[in-house]
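A short worksheet on the structure shown next.
Only this structure's heavy atoms are used, side chains among them; waters, hydrogens and symmetry mates stay out. One-based numbering, in listed order, for ligands and for the atoms of each. All residue numbers refer to positions in the sequence shown, counting from 1.
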Amino acid sequence: MSKKFGYLTALLGLSLLASAQADLGADEAPAAFGAATALTSAPTTAARRTVAPPAFDPRVMELAAAPSAERIEADIRTLIGFGTRHTMSQTDSDTQGIGAAVRWMKTEFEKISAECGGCLEVYEQRTLVKAGSERIDRDTEVVNVYAVLRGTVRPNDYVIMSGDIDSRVTDVMNSTSVSPGANDNASGLAGTIEAARVLSRYKFANSIVLAGLSGEEQNLYGGEFLAAKAKAEGWNVIGVLNNDMIGNIEGVNGIINNRSFRIFSEPYFQGADEKTLQQRRFYGGEVDGPSRQLARYVHRTTQTYLPQLDPMMVYRLDRFGRGGHHTPFNNAGFPAVRLMETNENYNRQHQDIRTENGVQYGDVIEGVNFDYAARLTGANVAALASLGWAPAAPTDVALGGGVQPAAKLRWKPGTNRNLLGHKIYYRLTTEPQWTHSVWVPAGTNEYTMTGLVVDNYYFGVAAVSRDGNESLVQFPGSVFRN
Ligand SMILES: [Zn+2]
């Protein structure tokens, strides 16, 4: 009996070691790394009883492929049909203007909810913006509509996907001219509605919000109001995936590419306190803010679940000198990123529909590739589902190991039902992505990586579920000696 048990333990221990090495072997490790791993401290007895998590979750694979180009096209055509969706356009018509568009969006969320037995809570957020405010010349109600797929384990943890309902032409104050906004941003809104359709087939541990925001072109009002509400109500916002223009594949520079898309993320919160900023300067990590970890997460889940896509990290808050609805969430201290096409076409953005010197201007339906928009929606869905099934992230992650050939990590596990263990991620300080990881089974909340000099790498810890879904990587927030 005891002999048999011993054999089993040894076997599991071996597979644990093998999987850790396979993980390392998968990437190009610096030459010194083989030796470093071999010297990694032996797992504890509890650790030996647990094997490494699966590399992917088949449910997420299925969901990532589920968004339909046909349904996205139909929704974009419906949105264009409202003539203009300018924030200050008419609200009293059933067929034209922002009012009709907002009511359609709400009805669409309610229909989706009816099909899943009322699984979505559908809310309207109305905020009056007074005449004389930035880009508003008459009293205007800015109306957001959002649906909440309530989390079954951590209902107050929120992951948000957003798109914008409003549109504009050349003059940002022009609220009457035809303004299809097919790509900017009917594409992002249609993707968000489609994500609600496919995600509502499942239940998730945390809450998922699918949000249609208004007032984007006027002064990012809708995002500001929803961020303020989240803050006032004490939502624990894990991350915001803002989709703004996810359908154009033909760049103004002539490049045509239906694989590449961009993930923009800020380096660090604007409101970070002085102590945190000083720590970052002294210990490193100025490219490792929470929004950046969220961006890396989307990059990784895209590569895992949508290998036909080619995600590009951009180490910037947004495009050069321009804005979007993730920024008000960043301003409120929430991790938030912008997802969008790589090759923009400026002739199709914020333009009166016209032909000038043989060039066609206007954000018309011909500029949207529906298959591409569906794939980018899939990239959102993969990240949302994976986060939705992941355990709560670890807290109090601390790093030690100065002046010795070892890196030491400590953390506290979040409250979880489904925790299989943690992954310690690491990379060279100049690498854009986490390149390597070590698996630490549940029950162990500290780890020493021997043979590795802490100076040369950045580290982070993620919690992993039994089905292989991971929390966001938590960068160490403090350091310890010895
Ligand atoms: Zn725009």
| query | Centre of F264's six-membered ring, under 6.0 Å away, within 45 degrees of the axis: is that where NZ or CZ of R316 sits? | reply | no
| query | Is NZ or CZ of R375 both nearer than 6.0 Å to the six-membered ring centre of Y372 and within 45° of the ring axis? | reply |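 Not satisfied by the 6.0 Å and 45° rule.
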| task | Answer yes or no as to whether an N/O/S atom of E217 is found below 2.8 Å from the Zn ion (ligand 1). | result | yes
| Checking only N/O/S atoms, does D184 have one that is under 2.8 Å from the Zn ion (ligand 1)? | yes
| query | Which atom, counting only N, O or S, brings H350 closest to the Zn ion (ligand 1)? | reply |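 In H350, the N, O or S atom with the shortest distance to the Zn ion (ligand 1) is NE2.
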| said: Taking side chain to side chain donor-acceptor pair (under 3.5 Å) as the criterion, tell me which of E470, Q433, Q293 meets it with Y425. | reply: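 Answer after filtering E470, Q433, Q293: E470.
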| request: Test salt bridge (Lys or Arg N to Asp or Glu O under 4.0 Å) on K111 and E115 and set out the steps. | output: CA-CA 6 Å; K111 270 196 224 163; E115 293 202 356; over 6 Å; no
